[in-house]
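A note on names: the letters A, B, ... follow the listed sequences, proteins ahead of strands, and every chain is numbered from 1.
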Amino acid sequence: MPHFKSDFLRVMHERGHVHQCTDLESLDEKASKGIVTGYIGFDATADSLHVGNLAGIMMLRRLQQTGHRPIALMGGGTTKVGDPSGKTETRQLMSDVQIAANIASIKGIFTNYLTFGGGAKDAFMVNNADWLDTLGYIPFLREVGAHFTINRMLTFDSVKMRLDREQPLTFLEFNYMIMQGYDFVELHKRYGCALQMGGSDQWGNIVNGVELGRRMKDLELFGLTTPLITTASGAKMGKTAAGAVWLKKERLSSYDYWQFWRNTEDADVGRFLKLFTDLPLEEIGRLEKLRDAEINEAKKILAFEATKLAHGAEAAEAAAETARQVFEGGEGQGGDLPTYEFPRGTTPLVVDVVVTLGLAASRGEAKRLIEQGGLRLNDAAVTGLTATIGESDLDASGAARLSAGKKRHAVVRAV
RNA sequence: GGACGGGUGGUCGAGUGGUUAAAGGCAGCGGACUGUAAAUCCGCCCUCGCAAGAGUACGUAGGUUCGAAUCCUACCCCGUCCA
């Protein structure tokens with residue numbers, strides 16, 4: 001392991017955030033001498049970020065933790081154009097209003113990971129629409145376009161791949177890398193930003209920005225990428241039954257978020273603890289040595305720490321407690337589970353309840369679940385398709401637990 | 001603008017007049033084994049219906065036919081090549 005002068009690079013390296021760097025030594029030097037301002041770009045197509053963005057968010061967090069200044073750059077300008085790589089779907093152009101709402105919502109996520117404010121080390125958020133929207137074509141071409149050669153642009157993997165496969169590459173897409181490079185230079189001009197980070201797939205784009213800075217203004221800019229985070233089984237991280245693992249509570253409950261981390265594969269536990277929690281390395285070292293059933297303890301800690309960062313300690317504790325009751329306590333119904341309420345005295349059809357709760361997408365699916373023995377009411381398999389929930393199923397508080405499969409649980413309650 | 005190729009279920013991809021709710025793969029879901037893991041095996045996987053069955057569905061809208069994802073027409077969209 002190389003020896004670093006700066007806390008920033010030492011921490012990044014120890015925790016497994018570093019994949020490639022344009023100039024590790026000089027960046028180390030710079031970070032050891034003063035405050036470095038660094039940024040990562042994020043899409044503004046949805047009102048929440050998801051776990052796939054978390055590696056980047058954590059990099060910004062580490063940057064701030066080690067005494068530097070993070071910028072979250074929102075791609076409001078590029079979002080307006082739309083990602084042209086989508087296939088058959090006609091891309092919907094997003095309205096300014098929508099984009100602004102998304103950005104505001106996403107900011108709520110960042111505030112959990114970064115300290116915002118006006119101080120020298122406080123994080124802030126900018127939108128590249130601020131400068132991309134008003135670009136003049138000719139001045140831009142002369143100022144920026146002149147520094148890019150087509151010869152070189154054609155050598156980029158993203159471009160080469162399309163050409164090799166004889167798939168179309170629009171002029172718009174072709175310009176994307178220039179835009180991104182320009183963002184970097186603009187951020188330097190406005191805020192003295194000298195570092196761009198991102199996933200390893202962004203390497204080419206990042207290098208472009210670094211080079212553009214040098215050519216236009218003889219700037220010394222740096223690029224740093226994280227390894228693409230995949231699970232030990234090779235899958236891209238962040239997909240579950242319900243789709244994307246969103247970071248916003250409104251999109252995915254704390255309990256489900258906690259469960260996502262709880263279900264990490266054994267082989268990933270140590271790596272994820274380093275990347276996605278603030279736990280000291282010594283403790284992680286101890287946790288990742290656990291084997292067999294014991295490693296479940298490490299997974300719970302991972303789940304708790306990750307949820308604490310995203311949703312706060314209180315939500316994390318509630319989620320952990322719910323999980324404990326549901327999986328270990330047998331009887332109880334945690335407060336965090338989805339709940340179905342019905343008037344006392346009525347006997348709702350189980351099938352309907354399952355659909356309403358979202359445990360199954362349709363009545364047909366609910367029935368299949370029952371036929372396969374996957375649906376349980378208070379841990380007893382529901383047998384008939386016409387089963388109802390009656391007074392005798394409810395406990396003293398008027399509640400019963402409904403489970404689909406081994407991991408998905410909900411509460412039904414008479415009110 | 002011209003020539004050609006194409007649009008099939010969450011996705012990839014078979015299917016070129018009836019035996020097609022549509023092969024197969026992937027993803028997903030349930031079960032077994034376990035540790036709320038991985039791997040493996042079994043089952044499921046459009047909607048409604050207890051069921052028999054019915055309704056939708058192969059880009060969109062019409063048409064031919066006893067019968068269409070399959071043939072015809074128009075339109076929309078995507079791609080390749082040429083201007």
Side chain of A:Arg262: nearest nucleotide among B:C50, B:U36, B:A32? B:U36
Base, sugar-phosphate alone, or nothing: which one does A:Ala360 contact when heavy atoms must sit under 4.0 Å apart? nothing
Ignoring hydrogens and angles, state whether a donor on the side chain of A:Asp183 or A:Trp131 is under 3.5 Å from an acceptor on the partner side chain. yes
Under 4.0 Å between any heavy atoms, over every strand shown, what does A:Gln259 touch: base, sugar-phosphate, or nothing? Just pick one. base
Partner nucleotide, any strand, of B:C48 [Watson-Crick/G-U, under 3.5 Å]: B:G53
I want to check one thing: is the phosphate of B:G31, taken as OP1 and OP2, less than 4.0 Å away from some side-chain N or O of A:Arg376? yes
Nearest to the side chain of A:Lys407 - B:A37, B:C33, B:C50? B:A37
Proximity to the side chain of A:Lys367 - top-ranked nucleotide from B:G35, B:A37, B:C50: B:C50
Watson-Crick or G-U counterpart of B:A32, or none if no pair lies under 3.5 Å: B:U40
Roughly how many Å apart are B:A68 and B:G63, using the P atom of each and rounding to a whole number? 12 Å
Respond yes when some side-chain nitrogen or oxygen of A:Arg368 is under 4.0 Å from OP1 or OP2 of B:C46, and no when none is. no
Counting side-chain heavy atoms from C-beta on, which of B:G30, B:G31, B:U47 comes nearest to A:Ser362? B:U47
A:Tyr257-A:Trp246 aromatic ring centre distance below 6.0 Å: no
Options B:U36, B:A38, B:G30, nucleotide nearest the side-chain atoms of A:Arg408: B:G30
Using the C1' atoms only, state how far B:U47 lies from B:A37, rounded to an integer number of Å. 36 Å
Checking base pairs now: Watson-Crick or wobble, both atom distances under 3.5 Å. What partners B:U64? none
Please state how far atom CD1 in A:Ile295 lies from atom C1' in B:U34, giving the value in whole angstrom units. 15 Å
A:Arg401 pairs by side-chain hydrogen bond (donor to acceptor under 3.5 Å, both in side chains) with which of A:Asp379, A:Asp393, A:Asp395, A:Asn378? A:Asp379
Record whether the side chain of A:Lys300 comes under 3.5 Å of the base of B:U36 through a donor-acceptor pair of N or O atoms. no
With the side chain defined as heavy atoms from C-beta on, A:Gln372 is closest, among B:G35, B:G43, B:C50, to B:G43
Side-chain contact check for A:Lys406: nearest option of B:G31, B:U34, B:C44 is B:U34
P gap between B:G10 and B:C58, integer Å: 12 Å
Can you tell me how far P in B:C66 sits from the matching atom in B:G15, rounded to whole Å? 28 Å
Let's test this: given Watson-Crick or G-U wobble pairing with both distances under 3.5 Å, identify the partner of B:C4. B:G79
Euclidean distance for C1', B:A57 against B:C46 (whole angstrom): 8 Å
How about A:Ile295 and A:Lys299: do any of their side-chain heavy atoms sit closer than 4.5 Å? yes
Classify the nucleic acid contact of A:Leu375 as base, sugar-phosphate or nothing, counting any heavy atom under 4.0 Å across all strands shown. nothing
Which value, in whole Å, describes the distance between the C1' atoms of nucleotides B:A83 and B:C77? 22 Å
In whole Å, what is the span from the CG atom of A:Leu402 to the C1' atom of B:G30? 15 Å
Polar side chain donor-acceptor pair, A:Asn102 to A:Ser105, under 3.5 angstrom: no
What integer number of Å spans the C1' atoms of B:A23 and B:U70? 16 Å
Pairing nucleotide - B:A22, Watson-Crick or G-U, each distance under 3.5 Å: none
Give the nucleotide from the list B:C29, B:C45, B:A37 with an atom nearest to the side chain of A:Asp266. B:A37
So A:Phe140 and A:Tyr182, would you call those rings parallel, tilted or perpendicular, with 30° and 60° as cut-offs? perpendicular
A:Phe327, nearest nucleotide to its side chain (from B:G35, B:G31, B:U36): B:U36
So do A:Ile106 and A:Met125 actually touch side chain to side chain, heavy atoms under 4.5 Å? yes
First of A:Glu371 and A:Lys299 reached from the 5' end of RNA chain B, by closest nucleotide: A:Lys299
Nearest-Å distance, CG (A:Asp379) to P (B:G31)? 12 Å
In terms of the nearest nucleotide of RNA chain B, which residue is placed more toward the 5' end: A:Leu369 or A:Asp352? A:Leu369
